[in-house]
Amino acid sequence: MKYWLLKTEPSTYAWSDLVKKKRDRWDGIRNHQARNNIAAMKAGDAALIYHSGEDKSVFGIARVVKAAYPEPGADDPRWLAVDIEAGRALDRPVTLAEMKQQKSLAGMGLLKQSRLSVVPLTKEEHDVIVKLGSG
DNA sequence: GCCAACGTTGGC
DNA sequence: GCCAACGTTGGC
């Protein structure tokens, strides 16, 4: 089982939208490195949902329910999408500033490459973020 | 194949 | 609003 962080602009698509739909397709990825990460996603993997822009926080935990497949309607069949399902919301959002303060997250992809929209996390990184958002 | 110009993303 | 980091485009 792998761990991921999916970034989204909340004015376009937010954690709350995923919660409403319960299950949805995560698509529109048009970056090769992000696509390579998408390609490695498997059903059962965990994905933290992060809002860029105004929020800059992790809001909830989603689960991959369908591994990468060609995105329907994409102009190039090599673009991929996955299906994810909303899991539980964090008790409180974990901000980017908080994550930056954590020594254990210093190597995290999100912090090193802020523009990448699909970022792999280690189990440790995932656990630290979830713990920060608990209680 | 190189590189300048330009566009986009996202943090500050 | 600005800037850094990238990606893309197009001239050569």
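Each chain gets a letter, A, B and so on, in the order the sequences are listed, and its residues count up from 1. Source: prediction; values computed, not measured.
A:Gln33 has its CD atom 9 Å from the P atom of C:dC6, to the nearest Å. The separation between A:Glu54 atom CD and C:dG1 atom P is 15 Å, rounded to whole Å. The CG atom of A:Leu96 sits 10 Å away from the C1' atom of B:dG10 (whole-angstrom rounding). Nucleotide C:dG7 holds its P atom 17 Å from the CG atom of A:Asp76, rounded to whole Å. A:His32 has its NE2 atom 17 Å from the C1' atom of C:dA5, to the nearest Å. When rounded to the nearest whole Å, the span between CG of A:Leu110 and P of B:dG10 equals 10 Å. In this structure, the CG atom of A:Leu111 is 15 Å from the C1' atom of C:dA5, given to the nearest Å. When rounded to the nearest whole Å, the span between CG of A:Asn31 and P of B:dT9 equals 11 Å.
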Any chance you could lay out the salt bridge (charged side-chain N to carboxylate O under 4.0 Å, His left out) test for A:Lys123 and A:Asp127, step after step, and finish with the verdict?
CA-CA 6 Å; A:Lys123 181 179 191 317; A:Asp127 290 350; 2.7 Å; yes
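Between atom CD of residue A:Gln102 and atom CE of residue A:Met108 there is a gap of 9.5 Å, rounded to the nearest 0.5 Å. Expressed to the nearest 0.5 Å, how far OG of A:Ser57 lies from CG of A:Leu132 amounts to 11.5 Å.
In this structure, A:Glu85 does not pair ionically with A:Lys21, as no charged nitrogen and carboxylate oxygen lie closer than 4.0 Å. We find that A:Glu71 and A:Arg30 are joined by a salt bridge, their nearest charged nitrogen and carboxylate oxygen being less than 4.0 Å apart. Comment: A:Asp45 does not engage A:Arg63 in a salt bridge, judged by the lack of any side-chain N to carboxylate O separation of less than 4.0 angstrom.
Using a 4.0 Å cut-off, some side-chain N or O of A:Lys7 falls inside it from OP1 or OP2 of B:dG10.
Judged purely by atom type and a 3.5 angstrom limit, A:Asp27 has no side-chain atom pairing as donor or acceptor with the backbone of A:Ala81.
Of all the residues in residues 112-121 of chain A, A:Ser114, A:Arg115 reach under 4.0 Å from DNA chain B with at least one non-hydrogen atom.
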A correct dot-bracket answer for DNA chain B, with pairs being Watson-Crick or G-U at under 3.5 Å, [ ] for crossing pairs and | for inter-strand pairs, is ||||||||||||
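Ring orientation note: the planes of A:Tyr13 and A:Trp26 are nearly perpendicular, at an angle over 60° on the 30°/60° scale.
Here the closest non-hydrogen pair linking A:Leu5 and A:Tyr50 is CD2-CB, 3.6 Å.
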